[in-house]
Amino acid sequence: MLNVGLSMLGLSRFQFAMTTVFHFFFVPFSIGLAFIVAIMETCYVVTKDDTYKNMTKFWGKIFLYSFAVGVVTGIIQEFQFGMNWSDYSRFMGDIFGAPLAIEALAAFFMESTFIGLWMFTWDRFNKVVHCLFIWLTAFGSTLSALWILAANSFMQNPVGYAMNAAQHKVEMTSFSAVIMNRQLWNEFPHVIFGAFLTAAFVVAGCSAWRLLKKDHENFYRKSMKLTLIVGLIACLGSVWSGDTQTRYLINNQPMKFAAMEGLWKNSTQKGNWSVIQGTKNHKTTWSIEVPYALNILGHHSLKGTFKGQQQVNKELKAKYNKNGQTRNYYVPTRTLFYSFRIMAVSAGLFALVAIVGLWFNRKKSQSIMRQRWFLYLMGLMVWLPFIVNTCGWFVTEFGRYPWVVYGLLTIADAVSPTSTVASLLFTNIVYFLIFASLGAVMIILSHRVLKQGPDSVLTDGYSSKPQESDKKVDPYEMGAAHND
């Protein structure tokens, strides 16, 4: 009944990809939003403007929702290492153990502790101390990302290890080498800048939708201005860190770089860069190209050449194929090629929208309220950062195919031998329904917060001071008053 072309490897890969993509919707968003909320509260502490305090509480609600969903999906993701990828866990356990333990015991514990203190102590500490809580929360979330990326970077560029051939696993020989992995320090800034950009344009986009309804104009205009400034800085940081990371791939993962640029044959000194192309049978059938652009992007020069996928495949086959193996090392080229271009085009669009938005929203100008087309555009861009983040994940993970640990362990060798097609098909369906439900809940709750508006933070549970409506009335005291 299940013989419909499904395999344990294919279903295991799909399930992990689905879980990771959904989890990665919320991780960058919550990391970036933590910092934006911290900046808002800092503005309140410095200026004593209650609008910034209300902004902190209001956008802090959505941050808490994203944090909760991110935790749930992260737990599901970690279960899969034992469920579907047990051979990978055995192979990588000694390397993964240290950074993941530090992430859980230090970074996540720190983040969880201070997020609780921040939520429930608005009137129990002075402004500076309370503001410090959200900064420590943001710092903890960033540390958490650092340790996760340290483990991921080893999979991209194994360092500081020794191979235990008898037990078929890698053992850590240098913790400092794992932490100082050049892959990590190229990858980490790009992820963090992407997180800031994601949160900035989500807040700016939500503010745009409310401004279309002319709702709390001062509140949402301030929210938009602050987040567009953060978004513009993050966009420039993303371009810089993305360029650094891409140039690093030229020598470290040449197949990934060649696929991103659509190179099948070695490039010439002319350095043509493909804007769009068609491919078939590991060859380019047609292409729209810009001369010298590839050299400028890859070498920051008009001169230079790059290896194509055909050349790289020959080199990898000579290096890794043993005992008559005929395995090829081509990666999903179309996925990487167009994912990279979506990221590049989106970066330019983000920067342009941020600059135009800041101009329209300048002080003592009503331009932003008159440019309804621009508010609609910004509102629609709420979804774009999540698409861009997913494209980044595709490039990072699909680009090292067929390796799960580059040069050491293939994806096919990492899957659990005890998994079955039936169990994987069932869990894929269950996880999809869970993720769809969590996503729907997140969207519904966030939309409810936006509909309630910033006035809701004045009467909600953030404050420990009793409201007038919360005061209990003694019925006997009322009776005595009537008798008098």
Side-chain angles (χ1 to χ4, degrees), residues 5 7 9-10 13-14 17 155-157 242-243 245-348 387-388 390-407 410-413:
S7 66
L9 177 60
R13 292 184 67 195
F14 179 82
M155 295 161 62
Q156 304 284 341
N157 180 41
D243 174 70
Q245 189 174 11
T246 302
R247 294 180 68 203
Y248 170 71
L249 294 175
I250 295 172
N251 296 316
N252 183 257
Q253 291 185 10
M255 183 65 82
K256 179 187 290 187
F257 177 82
M260 288 164 55
E261 300 299 353
L263 289 175
W264 290 104
K265 296 181 178 180
N266 295 346
S267 70
T268 64
Q269 287 290 341
K270 194 174 181 180
N272 290 342
W273 181 73
S274 293
V275 179
I276 187 173
Q277 65 175 212
T279 62
K280 187 176 182 180
N281 297 326
H282 307 311
K283 296 180 181 179
T284 301
T285 54
W286 61 270
S287 178
I288 298 175
E289 299 178 340
V290 179
Y292 297 106
L294 182 59
N295 287 343
I296 294 172
L297 294 172
H299 290 308
H300 294 181
S301 170
L302 292 176
K303 298 180 180 180
T305 58
F306 301 92
K307 294 179 182 178
Q309 292 183 74
Q310 295 174 358
Q311 175 66 31
V312 176
N313 186 55
K314 290 178 182 178
E315 294 177 359
L316 293 176
K317 288 172 73 172
K319 182 176 182 179
Y320 293 113
N321 284 1
K322 309 295 182 184
N323 302 322
Q325 287 181 322
T326 59
R327 179 170 54 207
N328 283 313
Y329 295 86
Y330 293 115
V331 298
T333 301
R334 289 191 184 92
T335 301
L336 270 67
F337 181 84
Y338 287 106
S339 293
F340 183 67
R341 275 143 188 78
I342 288 172
M343 289 192 292
V345 172
S346 297
I387 297 173
V388 173
T390 301
C391 288
W393 183 84
F394 285 167
V395 169
T396 300
E397 302 305 307
F398 289 163
R400 68 169 182 269
Y401 182 85
W403 305 106
V404 64
V405 182
Y406 196 84
T410 65
I411 298 171
D413 291 333

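Note: hydrogens, waters and symmetry copies are ignored here, and every other heavy atom, side chains too, is used.
Contact record, W273 with A293: CB-CB, 3.6 Å, taken as the closest heavy-atom pair. Taking both residues in full, the closest heavy atoms of N272 and P291 are given as OD1-CA, 3.3 Å, listed atom of the first, atom of the second, then distance. Across S267 and F306, no two heavy atoms sit closer than the pair OG-N, 2.7 Å. G399 approaches V331 most closely through the heavy-atom pair O-CG1, 3.5 Å.
Under a 3.5 Å cut-off, the side chain of Q311 and the backbone N or O of G308 do not form any donor-acceptor pair.
Listed by chain and number, the residues in a side-chain hydrogen bond (donor to acceptor under 3.5 Å, both in side chains) with T410 are D413 (sequence neighbours excluded).
Taken from CD in Q310 to CH2 in W264, the straight-line distance is 7.5 Å, to the nearest 0.5 Å. Atom CG of residue L316 and atom CG of residue N328 lie 10.0 Å apart, to the nearest 0.5 angstrom. N321 contributes atom CG, which lies 3.5 Å from atom OH of Y329 (distance to the nearest 0.5 angstrom). Going from atom CG of N251 over to atom NZ of K307 covers 8.0 Å, rounded to the nearest 0.5 Å. Between W403 atom CH2 and M155 atom CE the span is 13.5 Å, to the nearest 0.5 Å. Distance CG/L294 to OG1/T305: 10.0 Å, rounded to 0.5 Å.
Here the side chains of M343 and M260 are not in contact, with every heavy-atom distance at 4.5 Å or above. Using a 4.5 Å heavy-atom cutoff, the side chains of E261 and R341 are in contact. N252 has its side chain out of reach of Y406: every pair of non-hydrogen atoms, C-beta onward, lies at least 4.5 Å apart. The shortest side-chain heavy-atom distance between K303 and Q269 falls under the 4.5 Å cut-off. Using a 4.5 Å cut-off on side-chain heavy atoms (C-beta onward), L336 and F394 make no contact. No side-chain heavy atom of L263 sits less than 4.5 Å from a side-chain heavy atom of Q309. Side-chain contact between N295 and L302 is absent, with no heavy-atom pair separated by less than 4.5 Å. The closest side-chain heavy-atom distance from Q156 to T396 is below 4.5 Å.
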Under 3.5 Å, sequence neighbours excluded: what are the donor-acceptor pairs made by side chains of residues 275-285?
residue : atom : partner : partner atom : Å
Q277    : NE2  : G262    : O            : 3.2
Q277    : NE2  : S274    : OG           : 3.3
T285    : OG1  : G278    : O            : 3.0

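With a 6.0 Å radius and a threshold of 12 heavy atoms from other residues, nucleotides or ligands, Y401 has its OH atom at or below the threshold.
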